[in-house]
Structure formats: structure tokens, C-alpha cells
Amino acid sequence: MRRIVLALSLLLPAPLMAHPHVFIDTGFELIFAPDGALTHVRVTWAYDDFYSLVILEELGMDPDGDGSLTPEEEAQLAGFDAQWIDGYNGDLDLRLGDQPLALSGPLEPTATTEAGRIVSTHLRAISDGRMGSGASLSLRPYDETYYTAYEVARPVTLNGRDDCLLERLEPDIDGQLAEMQEMLLRIDADADLEEMDIPLIGAEFATEIRVTCPGS
């Protein structure tokens with residue numbers, strides 16, 4: 001992830017400087033009903049050290065700086081990142097085949113710290129996660145503006161099924177950076193970069209988690 005940031009800083013002119021300001025290690029727990037349908041996904045976000053420090057200082061937590069919170073502080077911190085504006089998708093693209101799945105807002109938020117880093121979780125309900133024969137479920141965590149960078153660095157687990165194939169598909173980072181460089185080279189030197197319709201790039205660097213299960 002840091003290699004992407006460095007490459008973008010070298011490729012993009014200052015007015016187009018799109019690079020992450022927040023880094024999150026993420027993981028998922030996929031929860032299945034007895035009939036095999038996917039009903040919920042629990043999302044874990046582990047924030048980078050600097051962002052965690054800023055949040056804890058703003059909330060007046062961990063005054064001794066030992067990186068640990070009291071149970072009361074954990075209760076106060078829970079949900080700090082679950083106050084979503086209308087239209088925000090939680091930086092999670094979840095699809096069954098080619099069809100996007102409708103997700104609820106964040107439920108049952110928790111928060112704690114690990115070695116000074118804030119680690120939060122939230123649960124999201126899925127309206128229709130019935131998986132047909134051979135259907136693949138796709139999860140991609142990303143912020144399309146690339147202000148926040150997600151890396152699937154925490155566990156991805158299945159709860160309620162043990163007959164599914166889980167795959168991890170990494171993005172073609174070098175290829176995407178090469179395409180971006182070609183696009184920038186085609187821009188006229190006198191163009192007003194602020195007014196140009198530059199494509200959002202977050203999805204291009206997203207890791208995909210793919211789950212394929214027998215018919216439910």
C-alpha cells in the first residue's frame with residue numbers, strides 16, 4: 001500500500017494529488033443462516049497509528065499513553081466511526097454474481113485498542129444473500145476517492161458454512177499505475193486540471209475477496 005502512495009506522489013501533478021490520508025487494515029466475518037444464505041457481514045477496521053492517536057486525543061482518551069483503554073473508554077469509543085451520512089456505503093462493495101447486495105447501516109459497533117491502534121467492528125445485515133448453485137460472492141473494501149486506503153490484512157472467516165471456497169484476488173497495481181501515467185501524459189499542459197473530469201481511482205487498487213459456495 002505504501003508503494004502505491006509513493007508511486008502516485010511521483011505520477012500525479014499537485015492539483016490531482018490523490019493519495020490516502022487514513023490507512024485501515026480490514027477483515028470480514030461472513031455469517032450464514034442454517035439454510036446457507038448469507039445474512040450478515042461483520043467488518044473489522046484497524047486504523048493506522050497516527051489516525052488512532054488523533055482520535056484518542058480528540059476524545060480525551062488514554063491520557064497515560066499506554067495504548068490501552070478502560071472498559072468505560074471502550075464503551076465511549078464504540079460507534080465513533082458508525083455515524084454515517086446518507087448515501088455512504090461503508091466503503092464496501094458486496095456483490096452476488098454481478099448484482100450488488102443491499103446492506104444495512106452499521107449495527108452493534110465495538111471499539112478497542114491494540115498496541116495503540118484503534119480497532120473497531122460493526123455488523124451489517126444483508127437483505128437477500130441466498131446463494132444459487134456456483135454463485136460467487138465478491139467483497140471489495142475501498143474508498144473511491146482514495147482518501148482512505150484499505151488493506152485486507154486481518155482475517156476473513158466464514159461462520160455457519162464450511163463448504164465454501166475462499167479466494168483472494170489482488171489488484172494489478174503496476175498495470176493501473178501505467179494506465180494512469182498514460183492518461184496524464186495525454187493531458188494538455190495548459191489544461192485546467194481542477195476542472196477536468198479525472199476518474200476516481202480507489203476501486204482500481206482494491207483487493208477482492210471471492211467466496212464460492214455450493215447451491216443453497
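Every residue two or more places apart in sequence or in another chain that forms a side-chain hydrogen bond (donor to acceptor under 3.5 Å, both in side chains) with T207 is listed here: E170. With sequence neighbours excluded, the residues forming a side-chain hydrogen bond (donor to acceptor under 3.5 Å, both in side chains) with R42 are E29, listed by chain and number. Contacts of V54 classified as side-chain contact (heavy atoms from CB on, under 4.5 Å), with partners at least two apart in sequence or in another chain: F50, E58. S120 is linked by a side-chain hydrogen bond (donor to acceptor under 3.5 Å, both in side chains) to D81, counting only residues two or more places apart in sequence or in another chain. A search for side-chain hydrogen bond (donor to acceptor under 3.5 Å, both in side chains) contacts involving E114 returns R154, not counting sequence neighbours. Partners of A75 under the side-chain contact (heavy atoms from CB on, under 4.5 Å) rule, at least two apart in sequence or in another chain, do not exist in this structure. With sequence neighbours left out, F28 forms a ring-ring contact (aromatic ring centres under 6.0 Å, His included) with no residue at all. Taking D98 as the reference, nothing meets the salt bridge (charged side-chain N to carboxylate O under 4.0 Å, His left out) condition, with sequence neighbours excluded. Residues meeting the side-chain contact (heavy atoms from CB on, under 4.5 Å) test with L53, sequence neighbours left out: E57. For L169, the side-chain contact (heavy atoms from CB on, under 4.5 Å) partners at least two apart in sequence or on another chain are E208, R210.
With hydrogens and angles ignored, the 3.5 Å screen pairs no side-chain donor or acceptor of Q99 with any backbone N or O of R95. Side chain of R140 to backbone of D93: no donor-acceptor contact under 3.5 angstrom is found. Here the side chain of T70 pairs a donor or acceptor atom with the backbone of E73 at under 3.5 angstrom.
Aromatic pair F23/Y51: ring centres not closer than 6.0 Å.
Residues T212 and C164 fail the side-chain proximity criterion, which asks for heavy atoms closer than 4.5 Å. Side-chain contact between D62 and T113: absent, with no pair of heavy atoms (C-beta onward) separated by less than 4.5 Å. Contact of the V119 side chain with the T44 side chain is registered, since non-hydrogen atoms from C-beta on lie closer than 4.5 Å. Between L77 and L69, the closest side-chain pair of non-hydrogen atoms falls below 4.5 Å. Proximity of I126 to L94: side-chain heavy atoms (C-beta onward) are separated by under 4.5 Å at one or more points. No side-chain heavy atom of T39 sits less than 4.5 Å from a side-chain heavy atom of F32.
Counting all heavy atoms, side chain and backbone alike, Y47 lies closest to R117 at O-NE, 2.7 Å. Closest approach of S52 and I118 over heavy atoms only: OG-N, 2.9 Å. Scanning both residues, L103 and R124, for their nearest heavy atoms gives CB-NH2, 3.4 Å.
If you chain together ILVMFWY residues whose side-chain heavy atoms come under 4.5 Å of each other, L107 ends up grouped with I31, L123.
For the atom pair CG of L137 and SG of C213, the computed distance is 7.5 Å after rounding to the nearest 0.5 Å. Atom OH of residue Y142 and atom OG1 of residue T26 lie 14.0 Å apart, to the nearest 0.5 angstrom. Separation of atoms CD (E144) and CD (E204) is listed at 11.0 Å; rounding is to 0.5 Å.
Hydrophobic clustering of Ile, Leu, Val, Met, Phe, Trp and Tyr side chains at less than 4.5 Å, counting indirect connections, unites L38 with L96. V43 and V156 fall within a single hydrophobic cluster, where Ile, Leu, Val, Met, Phe, Trp and Tyr side chains are chained together by heavy-atom contacts under 4.5 Å.
Residues D91 and Y150 bring a donor and an acceptor atom of their side chains to less than 3.5 Å of each other. With 3.5 Å as the limit, one finds a donor-acceptor pair spanning the side chains of T121 and T110.
Residue pairs that meet the ring-ring contact (aromatic ring centres under 6.0 Å, His included) test with at least one member in residues 85-121, sequence neighbours left out, are W84-Y88.
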